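It should be emphasised that the depicted structure is a prediction, and the values quoted were computed from it without experimental measurement.
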Amino acid sequence: MSLRRYATRRLGLGVLQVLAVATLVFLLVRALPGDAAVALAGDNPDPRRIEEIRAAMGLDRPALERWWTWLLGLPRLDLGVSLVSGRPVAEFLLDGLGPTAVLAVLTLVLLVPVAVGVGVLAALREGGALDRVLTSISVGLHSIPEFALAVVLIALFGVQLRWLPPTAVGAGGNLLAHPEMLVLPLVVLLARPICSISRLVRAGMIDALASDHVRHARRLGIGVTRLRFAHALPNALAPAVQQVARTTDWLLGGVIVVEAVFVIPGLGTALVDAVAGRDLPVVQGLAVVFAVTTVLVNLLADLIAFRLAPRSAGLA
């Protein structure tokens, strides 16, 4: 199967996934228990106020009409209006996008080279002391939840030693202007993904070095460095790339935890505040953004994996 044909098929599947996710989010938000209009009206609400809120939320219209109107607005980023502040939901996205994008991009930029380097290093020292040490550290770090690791790092480096700021209070939305505030959040976000991806790279590298085509290349006199990094490494990276996509799924949830613990004003914090305030349009809009991001990242990962190992991706 050619790359173009594979990309077309996966793109069509991605569009269907986005539509399905958007519909599911709409239905789940509408299925939440209780009357959102009554909850937002406060204690001893005025029936007139309740009717105004219901009209603003579109609850007085048929569900099918509300779903279709909302779906048509998604391509224009018309995600509705906040019931609490009256601002468009898209503004919440723009306000929180900067800090969340900084955390996510820096995490992925650091994750790939570090995880691949650790995995390759462990594979080349298979069974040795370094391999055992790296494996033990990976298993230990992978078993620690992000929230627990964040609390330990804050207590040690932020409170006890005072080497790093314990929170991002005072940074506003410009985290890059305060790089010291990024250290602890990035360590928390990187810890588990580095462990899982490096172990995949290690296993893939060991299998690739023992494969028939690498042994044949070795018999042809190809140099060790080229053998490892031009022949074995691309095959070892294919499953790791797909794991990076799954890590991005996890990263969306991890960012919410990290932003809450380190008081970072990003999309995760906006989602937590919207849930606490029962601001359903904001919850719905952010959930769709997270879901669409997941679909797009997995689509990109599938294409990269196909390019690295066409046969294995084409059979998936």
Side-chain angles (χ1 to χ4, degrees), residues 92-119 134 137-199 240 243-276 282-283 286-287 289-294 296-297 301:
F92 281 90
L93 300 180
L94 294 177
D95 290 344
L97 183 60
T100 300
V102 167
L103 283 176
V105 171
L106 287 179
T107 299
L108 293 175
V109 167
L110 295 172
L111 170 64
V112 174
V114 173
V116 171
V118 171
L134 291 176
I137 293 175
S138 296
V139 173
L141 279 178
H142 197 270
S143 63
I144 303 176
E146 298 79 29
F147 181 82
L149 180 60
V151 171
V152 170
L153 292 178
I154 289 173
L156 179 59
F157 295 103
V159 177
Q160 186 70 28
L161 299 176
R162 298 185 180 180
W163 289 355
L164 296 166
T167 68
V169 173
N174 188 9
L175 293 178
L176 293 177
H178 305 273
E180 69 280 0
M181 294 182 176
L182 287 168
V183 175
L184 294 182
L186 286 176
V187 170
V188 174
L189 289 174
L190 284 168
R192 297 185 73 181
I194 285 178
C195 297
S196 59
I197 294 174
S198 64
R199 290 167 66 187
Q243 179 63 27
V244 170
R246 289 188 287 269
T247 297
T248 305
D249 300 346
W250 167 88
L251 186 60
L252 294 174
V255 163
I256 295 176
V257 174
V258 167
E259 288 182 355
V261 174
F262 291 98
V263 197
I264 298 173
L267 293 179
T269 302
L271 180 59
V272 173
D273 293 341
V275 171
V282 176
V283 174
L286 289 172
V289 169
F290 287 158
V292 171
T293 301
T294 298
L296 292 178
V297 168

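Among pairs with a residue in residues 180-191, none fulfils side chain to side chain donor-acceptor pair (under 3.5 Å), at least two apart in sequence or across chains. For residues 186-198, the side chain to side chain donor-acceptor pair (under 3.5 Å) pairs, not counting sequence neighbours, are E146-R192.
Scanning all heavy atoms of the two residues, the minimum distance from I197 to L111 falls at CD1-CD2, 3.7 Å. The shortest non-hydrogen separation linking V183 to L164 is CG1-CD1, 3.6 Å. When all heavy atoms of G266 and P99 are compared, the pair lying nearest together is CA-CB, 4.1 Å.
For V152, there are no side-chain contact (heavy atoms from CB on, under 4.5 Å) partners, not counting sequence neighbours. Under the rule for a side-chain contact (heavy atoms from CB on, under 4.5 Å), the partners of A148 that lie at least two apart in sequence or sit in another chain are I144, P145. In this structure A270 satisfies the side-chain contact (heavy atoms from CB on, under 4.5 Å) test together with L286, sequence neighbours excluded. Residues forming a side-chain contact (heavy atoms from CB on, under 4.5 Å) with V263 (at least two apart in sequence, or on another chain): T167, V169.
In this structure the side chain of P185 reaches within 4.5 angstrom of the side chain of L103, judged on heavy atoms. In this structure, the side chains of L108 and V112 stay at 4.5 Å or more apart for every pair of heavy atoms. Looking at V105 and V109, their side chains come closer than 4.5 Å, going by heavy atoms from C-beta outward.
When each of I264, T107, L189, L106 is checked for a side-chain contact (heavy atoms from CB on, under 4.5 Å) with L182, only L106 meets the rule.
For the atom pair CG (L153) and CZ (F262), the distance works out to 6.5 Å, reported to the nearest 0.5 Å.
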